[in-house]
Every structure is written in structure tokens, then in C-alpha cells.
Amino acid sequence: MRSRSAEWFETKIRYEKTMEDGLQKKITEAYVVDALSFTEAEETIIQEMSSYISGEFLVTDIKKAAYKEVFFSDNPRDDRWYKVKLQFIILDEKTGKEKLSAVNYLVQSNTLQHAVENIETGMNAVMQDWKFASIAETTLIDVFEHDGSKKASKHVDKPEEDERPEYEDALAQETKAE
């Protein structure tokens, strides 16, 4: 179980899918992407989905996700996503009373019970007291993390290569020396 904190965006795409009976049906699916802006979120979901969908598709919605951290499971059977709301117990120093601070997480699992176990495993390192406020299965299909290697190669300005053959460079050097 690993977790990742980032700026997450929920996106929805609409496209025609071939159903099991062979008929074409327009469907809308929800995905989560790691991005720094709405523009980057749209670019990322288009890039990711173009390899899965043949034909045209439309990004119909992008919004900031209500969670900052996602818990990824290493189990290949975990194909569902659960939104988990935890309440952290905080002691107010002025009044001396306990307050509850709510935080939302996204957890990958295959069952509700396993999602509870995954969040408990993920929260073992937290020293603060917490309790479950709610947990619900989402309609999310997948979560796409930011891949720095793709972005870096795309935005790096490479110097233009000299297209002359090497022997011409050597010839030019010889003429300068004379």
C-alpha cells in the first residue's frame, strides 16, 4: 500500500462504447488525474485515454477533487475506488476541548471491508487520533498519476542540431587553419 499526496482533478469523458451485444452506446466515465491546473488535467486525460479509446471522445467535466491523498493498492484484484472521510481529533489549546477535523482520502480496493483495512494500514504511521466518518464506493474508473518523464521530454528546449555531415565540418576547420 502506497499513498500519494498531490493536486487531484476529477474528469469525465463521454464516448461511444461497443457493448457486449455489439451495439454502440454513448457513455460517460469518471477518472482522476494528478495535475497542477485544469488545463494540464484536460491534457493529461486526453493523452491517457487516447490510447484506450478508438474514435472520438469529449472531456465533459473537470473539477478539483475533494481529497489531497490517494492510497494505491498493490493487489491486482483491487479495481474499485472508495472515498473515505476521516475525522482527526484535535485538542483546542484555548478551550481545552476536542475538535474534529475532517479529511477526505481516495482508497483503492475490491470490497468495502478491504477498503477499511487499506486505510487503516495506510494510517498506521499517523500519530494523531482519528476515526471513520464515512466511506463510499465511487464511480471512478481509474486514477492517473503525473509522469514526470513524459512532461520533461515534452517541454525541454533542445538545441537545434547542425545538419551538415561531419566531413564538411572537418573541411571547414582545415580551411580556417590555412
Side-chain angles (χ1 to χ4, degrees), residues 1-15 17 26-53 57-152:
M1 179 114 272
R2 68 180 176 84
S3 69
R4 176 158 171 156
S5 296
E7 191 70 37
W8 298 100
F9 289 83
E10 290 184 8
T11 62
K12 290 186 179 176
I13 60 164
R14 186 162 179 80
Y15 67 99
K17 183 177 184 176
K26 279 215 178 237
I27 63 165
T28 301
E29 294 179 336
Y31 295 87
V32 172
V33 296
D34 171 11
L36 298 174
S37 66
F38 286 92
T39 305
E40 186 180 0
E42 182 178 23
E43 179 185 344
T44 301
I45 195 63
I46 289 171
Q47 237 177 10
E48 292 290 345
M49 296 313 296
S50 61
S51 60
Y52 295 109
I53 299 173
F57 63 92
L58 178 67
V59 179
T60 59
D61 188 28
I62 301 175
K63 63 183 177 183
K64 281 193 173 188
Y67 35 85
K68 296 284 184 195
E69 191 165 1
V70 175
F71 287 91
F72 295 92
S73 173
D74 299 326
N75 187 341
R77 293 181 308 164
D78 292 344
D79 60 349
R80 297 183 189 150
W81 294 94
Y82 292 84
K83 185 175 179 180
V84 178
K85 184 177 189 177
L86 300 181
Q87 291 181 324
F88 289 89
I89 303 166
I90 301 172
L91 184 63
D92 187 352
E93 293 179 12
K94 293 180 183 178
T95 63
K97 294 183 178 180
E98 287 185 353
K99 286 187 173 184
L100 297 176
S101 174
V103 179
N104 293 314
Y105 297 94
L106 191 62
V107 180
Q108 188 178 18
S109 179
N110 61 348
T111 65
L112 183 71
Q113 182 179 359
H114 194 232
V116 169
E117 292 170 9
N118 283 352
I119 197 73
E120 286 174 342
T121 302
M123 298 304 290
N124 275 344
V126 174
M127 299 300 286
Q128 198 170 4
D129 290 335
W130 58 272
K131 63 181 183 177
F132 282 99
S134 67
I135 184 167
E137 186 176 349
T138 68
T139 59
L140 297 173
I141 303 297
D142 207 353
V143 174
F144 297 108
E145 296 180 79
H146 178 72
D147 182 6
S149 63
K150 287 182 187 174
K151 297 292 180 190

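Throughout, numbering of the chain's residues begins at 1 and tracks the sequence.
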Inset, instruction - With the side chain counted from C-beta on, respond yes when Ile89 and Leu100 share a heavy-atom pair under 4.5 Å apart, and no when they do not. - result: yes
Legend entry - Nearest heavy atoms of Ile90 and Ser101, plus distance in Å: CD1-CB, 3.4 Å
Legend entry - Euclidean distance, Ser51 OG relative to Ile46 CD1, rounded to 0.5 Å: 12.5 Å
Legend entry - Short N-O contact, Glu10 and Lys83, less than 4.0 angstrom: no
Inset, instruction - To the nearest 0.5 angstrom, please state how far the CG atom of Asp79 sits from the CD atom of Gln108. - result: 8.0 Å
Legend entry - Contact check, side chains of Met49 and Tyr15, non-hydrogen atoms, under 4.5 Å: no
Inset, instruction - Give the minimum heavy-atom separation between Tyr82 and Thr111, together with the two atoms involved. - result: OH-C, 3.3 Å
Inset, instruction - Taking the side chain as every heavy atom from C-beta outward, state whether Tyr105 and Met123 have any pair of such atoms under 4.5 Å apart. - result: yes
Legend entry - Gap between atom NZ of Lys17 and atom CD1 of Ile27 - 0.5 Å precision: 4.5 Å
Inset, instruction - Measure the CG-CZ distance between Leu106 and Phe71 for me, rounded to the nearest 0.5 Å. - result: 10.0 Å
Inset, instruction - State, to 0.1 Å, how close Ala115 and Ser109 come at their nearest heavy-atom pair, and which atoms those are. - result: N-OG, 3.0 Å
Inset, instruction - Could you check whether the rings of Phe38 and Phe9 sit parallel, tilted or perpendicular, using 30° and 60° as the cut-offs? - result: perpendicular
Inset, instruction - Report yes if the side chains of Phe88 and Asp129 come closer than 4.5 Å at any heavy-atom pair, otherwise no. - result: no
Inset, instruction - Heavy atoms only: give me the nearest Thr28-Lys12 pair and the separation to one decimal. - result: CG2-CB, 4.0 Å
Review item, side-chain donor-acceptor pairs of residues 134-144, under 3.5 Å, at least two apart:
from   : atom 1 : to     : atom 2 : distance (Å)
Thr138 : OG1    : Trp81  : O      : 2.9
Thr138 : OG1    : Leu140 : N      : 3.3

Inset, instruction - With the side chain counted from C-beta on, respond yes when Val32 and Tyr67 share a heavy-atom pair under 4.5 Å apart, and no when they do not. - result: yes
Inset, instruction - Look up atom CD in Glu117 and atom CG in Leu112, then write down how far apart they are to the nearest 0.5 Å. - result: 10.5 Å
Inset, instruction - State, to 0.1 Å, how close Asn110 and Arg77 come at their nearest heavy-atom pair, and which atoms those are. - result: CB-O, 3.4 Å
Legend entry - Any side-chain heavy-atom pair of Ile13 and Ile53 under 4.5 Å: yes
Legend entry - Least distance between heavy atoms, Ala35 atom then Ala41 atom: CB-N, 3.5 Å
Legend entry - side chain to side chain contact (heavy atoms under 4.5 Å, CB included) partners of Asp92, counting only residues at least two apart: Lys94, Thr95, Lys99
Legend entry - Side chain proximity check, Ser73 to Met1, heavy atoms < 4.5 angstrom: yes
Legend entry - Note, Glu7 side chain near Lys68 side chain (heavy atom, < 4.5 Å): yes
Inset, instruction - Might you confirm whether atom CD of Glu93 has over 12 heavy atoms from other residues, nucleotides or ligands at distances under 6.0 Å? - result: no
Inset, instruction - Sort out for me which residue in Val70, Asp78, Val116, Asn118 forms a side chain to side chain contact (heavy atoms under 4.5 Å, CB included) with Val107. - result: Asn118
Legend entry - Flag if over 12 foreign heavy atoms under 6.0 Å of NZ, Lys26: yes
